[in-house]
Student: 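Have a look at this one before I ask anything.
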Amino acid sequence: MNSDPRNDAATAPRIIPREQHSISRKNISKAALRVLYRLHESGYSAFLVGGAVRDLLLGGHPKDFDVATNATPDEVKKLFRNCRLIGRRFRLAHVVFGPEIIEVATFRGLGEEGAEGGDRHIVDGRIVRDNIWGSIEEDAVRRDFRVNALYYDIADFSVRDYVGGMQDLADRSMRLIGDPELRYREDPVRMLRAARLAAKLNFRIDPAAAAPFENLGYLLAEAPSARLYDESLKMFLSGHGLKSFRMLEACGLLKFLFPATARALQRGDQALRSLVEQGLANTDARVKEDKSVTPAFLFAVLLWGEVRDQALGWIARGIEPTEAWQRAAVRVVGEQCQRVAIPRRFTLTMEEIWALQPRFEQVQRKRVFRLMAHPRFRAAFDFLLLRAPESAAMAQLGAWWQHAQALPQEMLATALGGGPLPPSPDDKPLTPERPPVRRRRRVRRPKGGKAES
Ligand code: ATP
Ligand code: MG
């Protein structure tokens, strides 16, 4: 690590006294304050650190509060009854207050691998374990971005800046601490964090931090797929999904995380782009309204283009439609899960959402009611609405189902029994015998009701 410029990076901090910054204890959770005070009163140093300090300085409301201290995990455990120690790769203490967890991390040092009294393990430049305790100065420079290395000191309510984070907050810039290439090799997920945080905060990525993406993006393939799953949820289900997606694409990182999505979008299908962007925008809107969101719907949106194209390819080669869709889903999900470990319960739902799509084109009485009673009907219908830009017929099909659901059951039953449905809200007559399906897509419709089995 001797060539690492961080070894001489952190010296005396810039100290910003209470009256010169905007962090107020009113905006810090009670639980976090209790942890900070208890550590301080017991003679340890105690700081709020990381995203919470960054977000508070930007006027935001952090969801989680992380604490850094010179107390070791065992010492922290002795102070709090409601504390458990977690993590092998990165050992830390969780202090639990009902639904809130305060993460307490001991300052990490920059010691060499195998250094005495520590536990740091590096494989091919990657840090796979980091449990060497150190000083606050060392702790600051092992963090990823300068804006993430600000410390709020509970002893005097000042903010300590060891690496220039305040400057970057003012510049609205994500700058890495130390040599970007080295830092990404240590942990490739930092590339995704750059894109995610820039999107969330409305920052730009410093050119030096963005430059290695092209050559080092492939390293993401080596990151644990469970971690990439967590990071994907943070990117797409935290209310900044659409911006994160655009940022990932602009950075050239999408293809390393979602190769099938990048491939399908590159084929230049505007309807697919619209589906993905609208799906993400709807998800963002739901998050803002505090409604539930499911990873299954999100990943169904991201992978749809590739599943559809593969299924249509199989059908064109004479494979029976139900089989073709299933085969496409299994392949695309299988490939994606090598990168991002989507749990099985969600991949099953994704496959159902896709499999139900051709069934919306069958609007005979019995089938309509059977589809409406399907446990995934709602998700599959929302998905159908996203497909409206595919064609006028698809938009009409969505409108047909919307209208059908709004009707009282008996009225719908009568209408489907023979006569036309009452006029839809936009006054276009909708006739069940001649459903608004695209003729050239007929091949996708499972024959003999097989899709229902
Ligand atoms: P968010 O708003 O998403 O919570 P965050 O910056 O707080 O953003 P966390 O994952 O909660 O992200 O991490 C807390 C802090 O830990 C970061 O601010 C940073 O200082 C440090 N950190 C997190 N991940 C890394 C990493 N991969 N490498 C170095 N430091 C990291
Ligand atoms: Mg955080």
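Remember, it's 1-based here, ligands and their atoms both numbered in the order they're listed. What you see below is based on every heavy atom in this structure, not just the backbone, and it leaves out hydrogens, waters and symmetry mates. Computed from a prediction, not measured in an experiment: that's the story for all the values here.
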Student: Near G50, which atoms of ligand 1 are under 4.0 Å from a heavy atom of that residue?
Tutor: 18 (O)
Student: Yes or no on side chain to side chain donor-acceptor pair (under 3.5 Å) for R308 and Q357, after CA distance, side-chain angles and deciding distance?
Tutor: CA-CA 10 Å; R308 179 198 58 192; Q357 294 305 305; over 6 Å; no
Student: Strictly below 4.0 Å, N to O, side chains only: are E231 and R227 in salt-bridge contact?
Tutor: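 Salt bridge: no.
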Student: Which of the atoms of ligand 1 are close to K234, meaning less than 4.0 Å from one of its heavy atoms?
Tutor: 10 (O)
Student: Under 3.5 Å between any N/O of R183 and any N/O of ligand 1: does that happen in this structure?
Tutor: no
Student: Give me the nearest non-hydrogen protein atom to atom 3 (O) of ligand 1 as residue plus atom name, then the distance to 0.1 Å.
Tutor: R196 NH1, 2.6 Å
Student: Is D139 close to Y151 at the side-chain level, that is, under 4.5 Å between some pair of heavy atoms?
Tutor: yes
Student: Between R34 and E100, is there a salt bridge with N-O shorter than 4.0 Å?
Tutor: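 Between R34 and E100 there is no salt bridge, as every charged N stays at least 4.0 Å from the carboxylate O atoms.
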Student: Give the residue, atom name and distance (to 0.1 Å) of the protein heavy atom nearest atom 15 (C) of ligand 1.
Tutor: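 Checking every protein heavy atom, the shortest distance to atom 15 (C) of ligand 1 gives R143 NH1, 3.8 Å.
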Student: Backbone or side chain, does any N or O of G51 fall under 3.5 Å from an N or O of ligand 1?
Tutor: yes
Student: Listed by chain and number, what are the salt bridge (Lys or Arg N to Asp or Glu O under 4.0 Å) partners of D284, not counting sequence neighbours?
Tutor: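 Partners of D284 by the salt bridge (Lys or Arg N to Asp or Glu O under 4.0 Å) criterion come out as none, since no residue qualifies.
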Student: List-wise, which protein N, O or S atoms are found short of 2.8 Å from the Mg ion (ligand 2)?
Tutor: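 Result, waters dropped: D64 OD1.
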Student: Which atoms of ligand 1 have any heavy atom of L197 under 4.0 Å away?
Tutor: 8 (O)
Student: For atom 4 (O) of ligand 1, what's the nearest protein heavy atom and its distance?
Tutor: D64 OD1, 3.8 Å
Student: Any idea which protein heavy atom is nearest atom 11 (O) of ligand 1, and the distance to it?
Tutor: D66 OD2, 3.8 Å
Student: List the closest protein heavy-atom neighbour of atom 2 (O) of ligand 1: residue, atom name, distance to the nearest 0.1 Å.
Tutor: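 Minimum-distance protein heavy atom for atom 2 (O) of ligand 1 reads K200 NZ, 2.6 Å.
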Student: Does this structure show an ion pair linking D382 with R378, if we count only N-O contacts that are shorter than 4.0 Å?
Tutor: yes
Student: If you apply the rule salt bridge (charged side-chain N to carboxylate O under 4.0 Å, His left out), what do you find for R146 with D168, and how did you get there?
Tutor: CA-CA 7 Å; R146 305 196 335 172; D168 293 0; 2.8 Å; yes
Student: Working to the nearest 0.5 angstrom, can you tell me the gap between E323 CD and I315 CD1?
Tutor: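 Output value for this atom pair is 10.5 Å.
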Student: What's the shortest distance from atom 10 (O) of ligand 1 to any protein heavy atom, and which residue and atom give it?
Tutor: R193 NH1, 3.1 Å
Student: Check this for me, if you would: do E335 and R331 make a salt bridge, where the nitrogen-to-carboxylate-oxygen distance has to be below 4.0 angstrom?
Tutor: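 So E335 does not pair with R331 through a salt bridge.
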Student: Can you name the atoms of ligand 1, numbered from 1 with element, that are less than 4.0 Å from a heavy atom of D187?
Tutor: 26 (C), 27 (N)
Student: Examine the proximity of ligand 1 to R227 and report which part, side chain or backbone, both or neither, has a heavy atom under 4.0 Å away.
Tutor: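 Just the side chain.
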Student: Cationic tip of R38 within the cone over F80's six-membered ring, i.e. under 6.0 Å and within 45° of the normal?
Tutor: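 Pair R38/F80 counts as cation-pi.
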Student: Hey, does R142 sit under 4.0 Å from ligand 1 if you only count heavy atoms?
Tutor: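 Contact check R142 vs ligand 1: positive.
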Student: What is the closest protein heavy atom to atom 19 (C) of ligand 1, and at what distance does it sit?
Tutor: D144 OD1, 3.5 Å
Student: Can you tell me how the ring of H21 sits relative to the ring of Y152, calling it parallel under 30°, perpendicular over 60° and tilted otherwise?
Tutor: perpendicular
Student: Can you tell me how the ring of W325 sits relative to the ring of W304, calling it parallel under 30°, perpendicular over 60° and tilted otherwise?
Tutor: parallel
Student: What protein heavy atom lies closest to atom 6 (O) of ligand 1? Include the residue and the distance to one decimal.
Tutor: R54 NH1, 2.9 Å
Student: Within the 4.5 Å heavy-atom criterion, are L57 and I23 side-chain neighbours or not?
Tutor: yes
Student: Specify whether F47 and F107 have parallel, tilted or perpendicular ring planes, treating 30° as the upper limit for parallel and 60° as the lower limit for perpendicular.
Tutor: tilted
